[in-house]
There are 2 protein chains.
Amino acid sequence: MDRELLLLGLLRRGDMHGYRLNEFIERDMASCVDLKKSTAYFLLDRMLRQGWVAASEEREGGRPPRQVYHITPDGEAEFQRLLRANLATYQPALFPGDIGLGYYDALPPDEARPLLAARRAALTALLDEARAAPPHAGALAWIVQHRVYHLESELGWLNEVIAALDSPTLVNTPPTEN
Amino acid sequence: MDRELLLLGLLRRGDMHGYRLNEFIERDMASCVDLKKSTAYFLLDRMLRQGWVAASEEREGGRPPRQVYHITPDGEAEFQRLLRANLATYQPALFPGDIGLGYYDALPPDEARPLLAARRAALTALLDEARAAPPHAGALAWIVQHRVYHLESELGWLNEVIAALDSPTLVNTPPTEN
DNA sequence: TTTTCCATGTAACTCGTTACATGATTTC
DNA sequence: GAAATCATGTAACGAGTTACATGGAAAA
């Protein structure tokens with residue numbers, strides 16, 4: 001659903017062939033969307049069969065011929081439908097890392113602590129990456145902003161957790177909610 | 001991976017049959033993990049074949065017989081392996097909702113605004129739910145804490161976005177990063 | 001008496017990834 | 001001459017979901 005929305009939205013701003021689309025997604029949206037090339041080609045082909053996009057073959061010099069896609073009226077309608085549905089809902093994220101955290105006490109503290117430190121290092125690296133990401137035009141910039149905002153929040157949380165687990169007064173228990 | 005970690009970790013705290021596991025996950029971890037019953041049964045069966053757990057059939061009264069699983073030494077080793085890998089890494093979350101946000105300006109503002117308001121309402125509802133979630137024993141409580149922390153951060157972010165989009169001075173442009 | 005609970009599964013399907021194939025052309 | 005770039009795909013696989021099947025017992 002959201003992948004089609006992504007592709008249709010990109011095509012709405014201008015015709016593109018698959019390779020360019022993939023390039024753009026990989027270079028400029030790598031941190032936010034995870035869409036493999038084969039998947040993109042597959043989705044473009046399916047949207048073609050559904051009539052959401054149309055293609056015209058082009059060639060330039062000795063390059064392989066390429067399918068340039070452009071969005072159709074049906075595709076535009078579908079885009080609007082998908083966009084409305086997307087904007088109106090909130091899809092909560094899941095954190096597989098929390099499962100491990102839930103079993104933190106299954107490991108001796110001296111072994112568990114450095115592991116969480118490694119997690120924090122990985123998180124910090126992602127945050128630096130996100131902060132260095134190339135700026136986007138228009139509303140697409142929100143995506144990058146959100147990533148930074150979120151990763152900062154995550155780092156804050158992880159620091160709290162680590163501090164609480166390191167504190168010798170509490171016996172590795174998270175704060176109660178009563 | 002993380003699902004196996006979840007199941008092994010639960011079995012580590014005490015033998016259980018599939019139905020009870022599913023019950024616990026659905027009742028007490030619904031907000032944090034999304035694991036369907038069939039998937040749980042399938043994973044239990046596979047872990048059985050892999051020797052990570054063993055099963056003994058029990059019956060009680062006129063009830064259907066049940067497979068009570070307990071973790072094996074191999075399973076414990078695997079649990080530790082999975083736990084270390086999980087704790088040491090950070091798996092970044094993706095936000096499909098951001099794709100829609102990135103195309104916010106494709107809709108007339110009067111139509112887009114209430115859609116985002118609906119998103120915020122959905123988010124608020126999830127937050128209330130998370131705050132009302134039953135408390136957990138030990139380190140598992142971190143999972144609930146994280147969910148609340150994260151949803152609060154998300155709400156803060158969304159409020160910022162909505163405020164910025166509503167503000168008539170800026171032309172629906174997110175803050176630049178220079 | 002119909003519904004719900006207990007308890008376990010199978011089969012078909014969707015979605016997406018991985019690995020691979022192709023072949024010309026430009027760059028090192 | 002080797003490697004990377006351009007450009008598009010296919011085939012096989014894996015993870016997970018959906019829908020369905022079963023069948024006795026307890027509750028409404």
Side-chain angles (χ1 to χ4, degrees), chain A residues 1-7 10-11 15-27 29-30 32-50 53-70 82 86 91-94 96 99, chain B residues 1-8 10-11 15-27 29-30 32-50 52-70 82 86 91-94 96 99:
Chain A
M1 297 261 95
D2 304 299
R3 292 157 189 270
E4 274 104 334
L5 176 62
L6 172 71
L7 292 174
L10 290 178
L11 287 179
D15 299 353
M16 277 206 265
H17 57 282
Y19 194 85
R20 282 270 166 275
L21 275 166
N22 276 314
E23 204 177 36
F24 180 80
I25 290 168
E26 207 184 19
R27 275 195 200 153
M29 313 190 66
C32 316
V33 210
D34 186 21
L35 180 66
K36 307 293 170 187
K37 297 181 188 196
S38 333
T39 310
Y41 280 120
F42 171 75
L43 289 176
L44 284 170
D45 193 51
R46 194 172 64 182
M47 293 197 297
L48 186 69
R49 294 195 304 268
Q50 283 166 326
V53 297
S56 50
E57 194 170 288
E58 275 188 17
R59 59 189 47 142
E60 196 183 325
R63 298 282 172 74
R66 51 205 198 188
Q67 304 294 319
V68 177
Y69 293 95
H70 55 97
L82 291 174
N86 181 293
Q91 299 176 241
L94 293 179
I99 297 174
Chain B
M1 299 260 94
D2 303 300
R3 291 157 189 269
E4 274 103 335
L5 177 62
L6 173 69
L7 292 174
L8 288 174
L10 290 178
L11 288 179
D15 299 354
M16 276 205 266
H17 58 282
Y19 194 85
R20 281 270 166 278
L21 276 167
N22 275 315
E23 204 177 37
F24 181 79
I25 291 168
E26 207 184 19
R27 275 195 200 153
M29 314 190 66
C32 315
V33 210
D34 186 19
L35 180 67
K36 306 293 170 187
K37 297 181 189 197
S38 334
T39 311
Y41 280 118
F42 170 75
L43 290 176
L44 284 170
D45 193 51
R46 194 173 64 182
M47 293 198 296
L48 186 69
R49 293 194 303 268
Q50 283 165 325
W52 299 354
V53 298
S56 51
E57 195 170 290
E58 274 187 17
R59 59 189 47 142
E60 196 183 323
R63 299 282 173 72
R66 50 207 198 188
Q67 303 295 319
V68 176
Y69 293 94
H70 55 98
L82 291 174
N86 181 293
Q91 298 176 243
L94 294 179
I99 296 174

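Note that the coordinates shown come from a computational prediction; the quantities given were computed from them, not determined experimentally. To find a chain, count down the sequence lines: A is the first, B the second, and so on, and within it residues start at 1.
The NZ atom of B:K36 sits 8.5 Å away from atom CD of B:E26, with the distance rounded to the nearest 0.5 Å. The CE atom of A:M16 sits 6.5 Å away from the CZ atom of A:F24 when rounded to the nearest 0.5 Å. If you take CG on B:L6 and CG on B:L11, they are separated by 9.5 Å, rounding to the nearest 0.5 Å.
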- request: Summarise how protein sits on nucleotides 23-28 of chain C as a single string, 5' to 3': B when a protein heavy atom is under 4.0 Å from the base, S for sugar-phosphate-only contact, - for no contact.
  value: BSS---

query: Which nucleotides of nucleotides 13-22 of chain D have their base under 4.0 Å from a protein heavy atom (B), which only their sugar-phosphate (S), and which neither (-), written as one string 5' to 3'?
result: --SSBBB---

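Summarising the geometry, the separation between CZ on B:R27 and P on C:dC5 is reported as 9 Å, rounded to the nearest angstrom. As a whole-Å value, the separation of B:R66 CZ from C:dG9 P is 14 Å. Atom CD of B:Q67 is separated from atom C1' of C:dA7 by 10 Å (rounded to the nearest Å). In this structure, B:N22 atom CG and C:dA7 atom C1' are separated by 10 Å, rounded to whole Å. Whole-Å rounding puts the B:Y41 OH to C:dT8 P distance at 4 Å. Computed from coordinates, the B:L94 CG to C:dG16 P distance equals 12 Å when rounded to whole Å. One can place CZ of B:R59 at 15 Å from C1' of D:dA25, the figure rounded to the nearest angstrom. If you take NZ of A:K37 and P of C:dA21, they are 17 Å apart, rounded to a whole angstrom.
Taking the side chain to side chain contact (heavy atoms under 4.5 Å, CB included) definition, one finds that A:P65 meets it with A:E57, A:R59, sequence neighbours left out.
Where B:R20 and B:D45 each meet DNA chain C at their nearest nucleotide, the meeting point lying more 5' is that of B:R20.
Nearest heavy atoms, A:L82 versus A:M1: CD1-O, 3.9 Å. The two residues B:L35 and B:R3 have their closest heavy-atom pair at CD1-NH1, 3.1 Å.
Across C:dT8, D:dA7, D:dC6, the shortest atom-to-atom separation from the side chain of A:E23 is found for D:dC6.
At D:dC6, one or more side-chain N or O atoms of A:Y19 fall inside 4.0 Å of OP1 or OP2 (strictly under the cut-off).
Under the 4.5 Å side-chain criterion, counting only non-hydrogen atoms from C-beta, B:M47 is not in contact with B:Y69. Side-chain atoms of B:I25 and B:L10, non-hydrogen and from C-beta on, do get closer than 4.5 Å to each other.
Few gaps surround CZ on A:R49; more than 12 heavy atoms of other groups in view lie less than 6.0 Å from it.
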